[in-house]
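Here's the structure we're looking at; comments come further down.
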Amino acid sequence: MDIATTQLKRCDLLSVNGRIDSYTAPQVEDALKSLLDKGRYKIVLDMAGVDFMSSKGWWVLIEAQKACRRYNRGEVVLVDLQDKLRESLNLVGMGSYFKVFDDVTTAVGSF
Amino acid sequence: MTTEVFPGSYASLHPIREFVVKAARQAGFDEAGVYSVELAVDEACSNIIEHAYGGESKGDIRCTYQISAESLTIILKDRGKRFNPENVPDPDFSAQLENLKVGGAGLFLMRKMMDMVTFEFNENGNVLTMVKYRPPSSD
């Protein structure tokens with residue numbers, strides 16, 4: 001799995017490529033945690049390259065979302081979710097905890 | 001009936017998923033159906049490692065699939081602790097984010113993704129059977 005972080009003016013862009021399961025989710029958790037540790041709470045997560053995501057991965061995002069939204073200091077937003085991931089997110093009922101954008105420019109502009 | 005045995009570690013999740021994805025494609029599921037099977041099996045095996053075995057490299061996961069005219073059946077066997085699904089409450093996704101309790105989504109997802117999910121426990125360990133009906137046009 002590849003994770004790239006780009007610091008932008010208004011937020012940080014995290015691009016993940018690969019499969020997020022119980023084996024790889026800790027890498028995503030570490031990447032998010034290193035942003036939170038620097039006090040960066042506005043995060044755009046580009047999911048275009050993610051073709052599998054288990055509940056372990058969603059819980060990592062939920063935990064990050066809790067930390068970011070605390071004191072209204074920021075948010076994790078998702079970009080370009082593949083249809084199968086979006087469907088499973090909504091089927092599980094976790095969809096309401098995240099804003100999902102179609103492209104990075106709009107997502108970055110939301111901050 | 002086709003069986004493969006995988007070590008009970010998180011690194012096995014990808015090869016286990018590949019094994020059942022092949023079966024789901026063979027059974028004629030569309031991409032959404034294939035993903036349902038892939039996700040249900042991943043969640044089941046993650047639970048086996050985390051809860052039945054209580055960690056990685058404690059035992060194997062025996063994965064079997066069978067394709068019949070009506071359905072795809074997946075059987076996962078482990079030799080870990082007894083798993084009682086009645087002890088796992090569904091997560092409450094109507095909760096406010098700050099009150100949302102982490103965990104317990106695996107079983108919930110398995111039941112959403114598959115048509116039948118049953119657990120048995122015998123002297124050899126846990127036997128989890130999951131069934132998904134094949135699309136009518138696949139024959």
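Treat the numbers as computed from the prediction; the structure is a model and nothing was measured. Quick note on labels: first sequence line is chain A, next is B, and so on, each numbered from 1.
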Taking only residues two or more places apart in sequence, or in another chain, which ones meet A/Q27 in a side-chain hydrogen bond (donor to acceptor under 3.5 Å, both in side chains)?
none
Identify the residues of residues 106-119 of chain B whose heavy atoms come closer than 4.5 Å to a heavy atom of chain A, ordered by number, or report 'none'.
B/G106, B/F108, B/L109, B/K112, B/M113
Give a yes or no on whether B/K132 atom NZ has more than 12 heavy-atom contacts from other residues, nucleotides or ligands under 6.0 Å away.
yes
Around B/N84, counting heavy atoms of other residues, nucleotides and ligands shown, do more than 12 lie under 6.0 Å from its CG?
yes
Could you tell me whether B/R17 sits above the aromatic face of A/F52, with NZ or CZ closer than 6.0 angstrom to the six-membered ring centre and within 45 degrees of the axis?
yes
What option among B/E31, B/E38, B/E50, B/H14 has the most heavy-atom pairs under 4.5 Å with chain A?
B/H14
For B/E56, which atoms come within 4.5 Å of any heavy atom of chain A: side chain, backbone, both, or neither?
neither
Structural part of A/D83 lying under 4.5 Å from a heavy atom of chain B
neither
Using non-hydrogen atoms and a 4.5 Å limit, figure out which bit of B/E98 sits close to chain A: side chain, backbone, both or neither.
backbone
Enclosure of A/R86 CZ (heavy-atom neighbours >12, cutoff 6.0 Å)
yes
Can the ring centres of A/Y41 and A/Y71 be said to be less than 6.0 Å apart?
no
Criterion side-chain contact (heavy atoms from CB on, under 4.5 Å) against A/V76, the qualifying member of A/K42, A/E63, A/Q65:
A/Q65
For B/D92, which atoms come within 4.5 Å of any heavy atom of chain A: side chain, backbone, both, or neither?
backbone
pair A/L35-A/I43: side-chain heavy atoms closer than 4.5 Å
yes
Of the backbone (N, CA, C, O) and the side chain (C-beta and beyond), which part of A/R69 lies under 4.5 Å from a heavy atom of chain B, both, or neither?
side chain
Using the ring-ring contact (aromatic ring centres under 6.0 Å, His included) rule, collect all pairs that involve residues 73-96 of chain A, keeping only residues at least two apart or in two chains.
none
Would you be so kind as to tabulate the donor-acceptor pairs closer than 3.5 Å made by side chains of residues 94-105 of chain A, with sequence neighbours excluded?
from: A/Y97; atom 1: OH; to: B/F93; atom 2: O; distance (Å): 3.0
from: A/Y97; atom 1: OH; to: B/A95; atom 2: O; distance (Å): 2.7
from: A/K99; atom 1: NZ; to: A/E75; atom 2: OE1; distance (Å): 3.3
from: A/D103; atom 1: OD1; to: A/T106; atom 2: OG1; distance (Å): 2.9
from: A/D103; atom 1: OD2; to: A/T105; atom 2: N; distance (Å): 3.3
from: A/D103; atom 1: OD2; to: A/T106; atom 2: N; distance (Å): 3.0
from: A/D103; atom 1: OD2; to: A/T106; atom 2: OG1; distance (Å): 2.8

Give, as side chain, backbone, both or neither, the part of B/S94 having an atom under 4.5 angstrom from any heavy atom of chain A.
backbone
Note: vs chain A, highest number of non-hydrogen pairs under 4.5 angstrom among B/L13, B/L100, B/D90, B/I49 is B/L100
